[in-house]
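Shown next, in structure tokens, is the structure this report addresses.
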Amino acid sequence: MNSPLVSFIIPYFNAGTTINETIDSIFNQSYPHFDIWLINDGSTDQFSLDQLKKFEGNEKIHLLNQENAGPSVARNKAIQLSSAEFIVPLDADDLVGTTAISECVHRATSDKDIGVVYGNLHFFGESTEQKIQQVFSIERQLLWNQIAVCCLIRKEVFTSVGYYDEYLSKLGLEDWEFWLRVGQSPWKFSKIEHVHFRIREVGSSRTFEVANKNLGEIKNYVYKKHSNLLALQFEMLYYEKKMLTETPD
């Protein structure tokens, strides 16, 4: 049986200093049947633009260009164009573990109801800690993002629950909102207890520079969008507390 195709989806904005490491890590991992979608999101740095030229002509790499619109727009464009069965979203400075994709594909193909496979993370750069990601819980997901954007996602998940929210493309935390939708669908999350990706920690990252500064607006938008889920969780907590006060035990 042929191995399913996996597409790595990488938005790219002025990332010339890190992209070669990211691409090398993809070519050095063990899963052979993959392609790469590199989406130039309106880069303005000439060095970064020159780095992109190095990938022209590589049959495994598809280069796309767009005016700066943020990673949600960039990812959605490439995911829709990809013919892969599985999608791996990456940032342009992430690194892929040697056996990560092989392990994730093996797990996903063992059960057609598994939509998302993920493992643990290792940070490098300004932080060198390991992050043990949690088993997915929709209740916790309402409060914070439990799963990093880099993991294996069945493409059918996107076609069934929708793509990344483009309103959050420049605000940030579009993956937090996406997982809320997936968590309310029949798709299963499956966690593998291995480190699969290395995440570069820098103070100038999008999380620190953009998402954290827009956190109030992001939460307001996401909670309004998922108001039914929020109300249901509040109702459950209300009756749990009520039972505690009314039960003699």
Side-chain angles (χ1 to χ4, degrees), residues 3-16 18-29 31-43 48 51-52 55-56 58-97 100-102 104-105 108 115-119 121 145 147-166 168-170 172-179 181-182 187 196-200 205-207 211:
S3 300
L5 179 64
V6 173
S7 282
F8 293 90
I9 309 293
I10 309 174
Y12 180 93
F13 178 75
N14 291 348
T18 60
I19 191 61
N20 288 308
E21 275 188 277
T22 299
I23 298 297
D24 285 347
S25 75
I26 295 172
F27 277 94
N28 290 332
Q29 56 82 40
Y31 190 79
H33 197 200
F34 69 88
D35 63 8
I36 300 169
W37 293 79
L38 197 52
I39 312 97
N40 175 30
D41 186 29
S43 293
S48 294
Q51 292 302 302
L52 284 177
F55 305 119
E56 292 176 355
N58 189 315
E59 62 181 15
K60 279 189 172 287
I61 300 179
H62 308 275
L63 296 175
L64 302 177
N65 289 283
Q66 66 178 35
E67 293 184 7
N68 182 255
S72 291
V73 176
R75 287 191 180 108
N76 289 348
K77 178 185 291 188
I79 293 167
Q80 291 175 61
L81 289 171
S82 168
S83 60
E85 184 174 344
F86 295 104
I87 300 296
V88 177
L90 287 180
D91 289 334
D93 57 356
D94 291 338
L95 303 179
V96 183
I101 308 307
S102 295
C104 288
V105 170
V116 181
V117 184
Y118 63 101
L121 309 172
N145 192 21
I147 304 175
V149 70
C150 47
C151 58
L152 185 89
I153 308 170
R154 196 181 295 273
K155 186 179 176 181
E156 194 180 346
V157 172
F158 292 100
T159 58
S160 62
V161 309
Y163 294 80
Y164 292 108
D165 191 315
E166 295 189 358
L168 297 170
S169 194
K170 288 197 173 184
L173 295 182
E174 66 280 354
D175 51 336
W176 174 46
E177 190 280 326
F178 176 71
W179 297 135
R181 279 183 279 133
V182 180
W187 291 108
H196 280 165
F197 296 92
R198 296 182 66 207
I199 309 298
R200 193 184 304 268
S205 71
R206 181 169 175 256
T207 299

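Nothing here was measured: the structure is a model prediction, and the numbers come from that model. Positions are given from 1 along the sequence.
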**Asked** For Ala92 and Tyr12, which heavy atoms make the closest approach, and how far apart are they?
**Response** CB-CD1, 4.3 Å
**Separation between CH2 of Trp187 and CZ of Arg181, rounded to the nearest 0.5 Å** = 14.5 Å
**Asked** Counting N and O atoms only, with roles assigned by atom type, does the side chain of Glu21 sit under 3.5 Å from a partner on the main chain of Thr18, one being a donor and the other an acceptor?
**Response** no
**Message:** If you count every heavy atom of other residues, nucleotides or ligands that lies below 6.0 Å from Gln80 atom CD, does the total exceed 12?
**Reply:** yes
**Prompt:** With distance as the sole criterion, is a donor-acceptor pair present between the side chains of Thr22 and Asp94 under 3.5 Å?
**Reply:** no
**Asn76 side-chain N/O to Tyr164 backbone N/O, donor-acceptor pair under 3.5 Å** = yes
**Request:** Mark yes or no for whether Lys155, through its side chain, and Ile79, through its backbone, hold a donor-acceptor pair below 3.5 Å.
**Result:** yes
**Asked** OG/Ser25 to CZ/Phe197 distance, rounded to the nearest 0.5 angstrom?
**Response** 9.0 Å
**Request:** I would like to know whether Lys60 and Phe34 meet side-chain contact (heavy atoms from CB on, under 4.5 Å); could you show each step before the answer?
**Result:** CA-CA 7 Å; Lys60 279 189 172 287; Phe34 69 88; 3.7 Å; yes
**Item:** Flag side-chain contact, heavy atom, 4.5 Å: Cys151 against His196
**Value:** no
**Item:** Leu81 side chain near Leu64 side chain, heavy-atom distance below 4.5 Å
**Value:** yes
**Asked** Taking Ser169 for the side chain and Ser72 for the main chain, is one N or O donor matched with an acceptor at less than 3.5 Å?
**Response** yes
**Prompt:** Please walk me through it: do Phe178 and Phe158 pass ring pair (Phe, Tyr, Trp, His ring centres under 6.0 Å)?
**Reply:** CA-CA 9 Å; Phe178 176 71; Phe158 292 100; 4.9 Å; yes
**Message:** I need the Asp35 CG to Leu5 CG distance, nearest 0.5 Å.
**Reply:** 4.5 Å
**Asked** Restricting to pairs with a member in residues 73-92, which pass ring-ring contact (aromatic ring centres under 6.0 Å, His included), not counting sequence neighbours?
**Response** none
**Message:** Can you tell me how far apart CG (Asn40) and OG (Ser48) are? Round to the nearest 0.5 Å.
**Reply:** 8.5 Å
**Message:** Give me the atom names and distance for the closest heavy-atom approach of Lys170 to Gly70.
**Reply:** CE-N, 4.2 Å
**Prompt:** So, for Ser3 and His33, which heavy atoms are closest and what is the spacing to 0.1 Å?
**Reply:** O-ND1, 2.5 Å
**Nearest atoms (heavy-atom pairs only) where Ser7 meets Ala84** = OG-CB, 3.3 Å
**Message:** Test side-chain contact (heavy atoms from CB on, under 4.5 Å) on Ile26 and Leu90; report intermediate values, then the result.
**Reply:** CA-CA 10 Å; Ile26 295 172; Leu90 287 180; 3.8 Å; yes
**Worked verdict on Ile19 versus Phe55 for side-chain contact (heavy atoms from CB on, under 4.5 Å)** = CA-CA 11 Å; Ile19 191 61; Phe55 305 119; 4.2 Å; yes
**Asked** Which pair of heavy atoms, one from Asp41 and one from Ala69, lies closest together, and at what distance?
**Response** OD1-N, 2.7 Å
**Message:** Tell me every residue that passes ring pair (Phe, Tyr, Trp, His ring centres under 6.0 Å) with Trp176, counting only those two or more places apart in sequence or in another chain.
**Reply:** Tyr223
**Request:** Could you go through the side-chain contact (heavy atoms from CB on, under 4.5 Å) check for Ile23 and Ile10 one step at a time?
**Result:** CA-CA 10 Å; Ile23 298 297; Ile10 309 174; 4.1 Å; yes
**Asked** In Å, rounded to the nearest 0.5 Å, how long is the span from CD1 of Ile9 to CD1 of Ile39?
**Response** 5.5 Å
**Message:** Using a 3.5 Å distance criterion without hydrogens, assess whether the side chain of Trp37 forms a donor-acceptor pair with backbone atoms of Ser82.
**Reply:** no
**Under-4.0 Å salt bridge between Arg154 and Glu85** = yes
**Smallest separation among heavy atoms of Glu177 and Leu168, with atom names** = CB-CD1, 3.7 Å
**Asked** Which residues pass the side chain to side chain donor-acceptor pair (under 3.5 Å) test with Asp175, sequence neighbours left out?
**Response** Asn145
**Prompt:** Once you round to the nearest 0.5 Å, how far does OH of Tyr31 lie from CG of Leu152?
**Reply:** 9.0 Å
**Message:** Quick test of your reading of the model: are Arg198 and Asp93 salt-bridged, counting only N-O distances below 4.0 Å?
**Reply:** no
